[in-house]
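Presented below is the structure to which this report refers.
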Amino acid sequence: MKSDDRKLGICVIGSGRAGMIHARNFARRVTRARLVALTDPHAPTLADARAELEVETGYADYRQALADLRVDAVVVVTPTSLHREVVLAAARAGKHVLCEKPMAMDVRECDDMIDSCARASVKLQIGFMRRYDESFRAAKERLDAGEIGEAVLVKSLTHGPSVPQEWMYDIAKSNGPLAEVNSHDIDAARWFTGSEIAEVYAVGGNFRCPQAREKYPDFYDNVAMVCRFADGRQGFIDGAVSVGYGYDSRMEIVGTRGVLFVGRTEQDSVVGCSADRGIVRPFVKSWRTLFTEAYYAEDQDFVDCILDGREPRVRGIDGRMAVAVVNAGNRSIVERRPVGVEGVSA
Ligand SMILES: NC(=O)c1ccc[n+]([C@@H]2O[C@H](COP(=O)([O-])OP(=O)(O)OC[C@H]3O[C@@H](n4cnc5c(N)ncnc54)[C@H](O)[C@@H]3O)[C@@H](O)[C@H]2O)c1
């Protein structure tokens, strides 16, 4: 379908932190689309979201949104354990899907989602917005142009400032920080190397969230994971939540002839220097601000893919492979040994 005069009707399912990033984009910036509805079972969250974006239609139950004929496509931004259920229902209703990362809880769920979207001939895009970020894209282009030779080692880290939401403490519901935080690093490592991670060894521990220790003894707020790729390349991923100091997301790609550093830590280009405070260089505060443009580009590309009949740049298989690595990493933490990634031979 190619059309410039028609606006794609979008519904955001889940109006929490990440949901509102997408909702604001579709309400205010994305062209050829219109935010027609929001959903959230939590009434105050839904009411605030609708009021802020002046969206008339709000549904407590996402299934009502799927029956709304004005909705052509949905953005699934519920807690991860609901992604499969919502995506399958959306596909059955013939709606295109942008599903936030992590795609699902395990590869079986991912396969169901990929199959049902393929059967329904609807697009399935996964929310790895770093692939739309200017600096990540520039680094990838320079790597592909041969600037540092062959990538040998990919190091990637993500540290988040805030205390996790309650559902994230429960590893059975969220797959923990490897899923919630490091999915992005796993995807970027696959993207930069063009290779699959075949084996991982991960260690985790809870150092900063004492409030979660009793109720969620498996929860880890810090993780370090060594990766071996199928073609022998090396990876190292570290993740942390509740760090307090800011949002930290950086990569280092070591090649046969050089190195690329990606990501910044400065909030802006202003540096203060005073007698009483010394040098003040504010750290990036949030993923919301660091990746504002990447989320926008991701949302715009989703709409353009649908209207122009293109395949999404980040597909179901990308979400699936990241989930496979997350599952292997979580098993490695528990079993204290290297674990092979399902379906990838070393
Ligand atoms: N791409 C990114 O960088 C990024 C950043 C943050 C979160 N996420 C992902 O987005 C998803 C949501 O995370 P969040 O931080 O926004 O969580 P959140 O808890 O802030 O928001 C989730 C929202 O979903 C709502 N919800 C629960 N059940 C629902 C249902 N059945 N139907 C509709 N809504 C429902 C909740 O009431 C809540 O408002 C997670 O999968 C998370 O990993 C991605």
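Both backbone and side-chain heavy atoms feed into the values below; hydrogens, waters and symmetry mates do not. In listed order, ligands and their atoms are each counted from 1.
Counting heavy atoms closer than 4.0 Å to ligand 1, residue Lys101 contributes atoms from both its backbone and its side chain. Contact annotation for Val86 and ligand 1: no heavy atom of the residue comes within less than 4.0 Å of the ligand. With a heavy-atom cut-off of 4.0 Å, Phe291 does not touch ligand 1 at all.
Considering backbone and side-chain atoms alike, His42 places every N or O at 3.5 Å or more from each N or O of ligand 1. Of the polar atoms of Glu100, at least one N or O is found under 3.5 Å from an N or O of ligand 1, judged by distance alone. Where the criterion is an N or O separation shorter than 3.5 Å, residue side chain and backbone included, Thr45 fails it with respect to ligand 1. For ligand 1, the polar-atom distance check finds no N/O of Thr39 at less than 3.5 Å from any of the ligand's N/O atoms.
Closest heavy-atom approach to atom 11 (C) of ligand 1 within the set Thr80, Val181, Thr78: this belongs to Thr78. For the residues Val77, Ile13, Asp40, the heavy atom positioned nearest atom 22 (C) of ligand 1 is part of Val77.
The distance from ligand 1 to the heavy atoms of Gly127 drops below 4.0 Å at these ligand atoms: 1 (N). Those atoms of ligand 1 that come under 4.0 Å of a heavy atom in Leu82, given as number and element, are 28 (N), 29 (C), 31 (N). Within ligand 1, the atoms closer than 4.0 Å to a non-hydrogen atom of Gln165 are 17 (O), 18 (P), 19 (O), 20 (O), numbered from 1 in the order shown. Atoms of ligand 1 lying under 4.0 Å from at least one heavy atom of His83, given by number and element, are 41 (O). Those atoms of ligand 1 that come under 4.0 Å of a heavy atom in Glu180, given as number and element, are 42 (C), 43 (O). Counting atoms of ligand 1 from 1 in the listed order, those under 4.0 Å from a heavy atom of Trp167 are 13 (O), 17 (O), 19 (O), 40 (C). Every atom of ligand 1 is numbered from 1 in the order shown, and the set under 4.0 Å from a heavy atom of Met129 is 1 (N), 3 (O). Below 4.0 Å from some heavy atom of Gly16 lie the following atoms of ligand 1, by number and element: 16 (O), 20 (O), 21 (O), 23 (C), 39 (O).
Going from atom CD of Glu56 over to atom CZ of Arg50 covers 8.0 Å, rounded to the nearest 0.5 Å.
Under the 4.0 angstrom criterion for non-hydrogen atoms, Phe128 is not in contact with ligand 1. In this structure, Met20 has no heavy atom closer than 4.0 Å to ligand 1. Using 4.0 Å as the threshold, Glu85 has no heavy atom nearer than that to any atom of ligand 1.
Side-chain contact annotation: His22 with Glu100, donor-acceptor N/O pair under 3.5 Å present. Residues Asp40 and Tyr59 have side chains that never bring a donor and an acceptor to within less than 3.5 angstrom of each other. Side-chain contact of Thr158 with Asp185: a donor-acceptor pair under 3.5 Å is present, judged by distance alone.
Here the rule is side chain to side chain contact (heavy atoms under 4.5 Å, CB included) with Arg24, and of Val12, Val30, Leu53 only Leu53 fits it.
Every residue was checked against the ring pair (Phe, Tyr, Trp, His ring centres under 6.0 Å) condition with Phe291, not counting sequence neighbours, and none meets it.
Within the structure, the ring pair (Phe, Tyr, Trp, His ring centres under 6.0 Å) test picks out the following pairs touching residues 196-223 (sequence neighbours left out): Tyr169-Tyr216, Tyr169-Phe219.
Here Arg213 does not pair with Asp218 in a salt bridge; the nearest charged N to carboxylate O distance is not below 4.0 Å.
When every heavy atom of Asp221 is checked against every heavy atom of Asn206, the shortest pair comes out as OD2-OD1, 3.0 Å.
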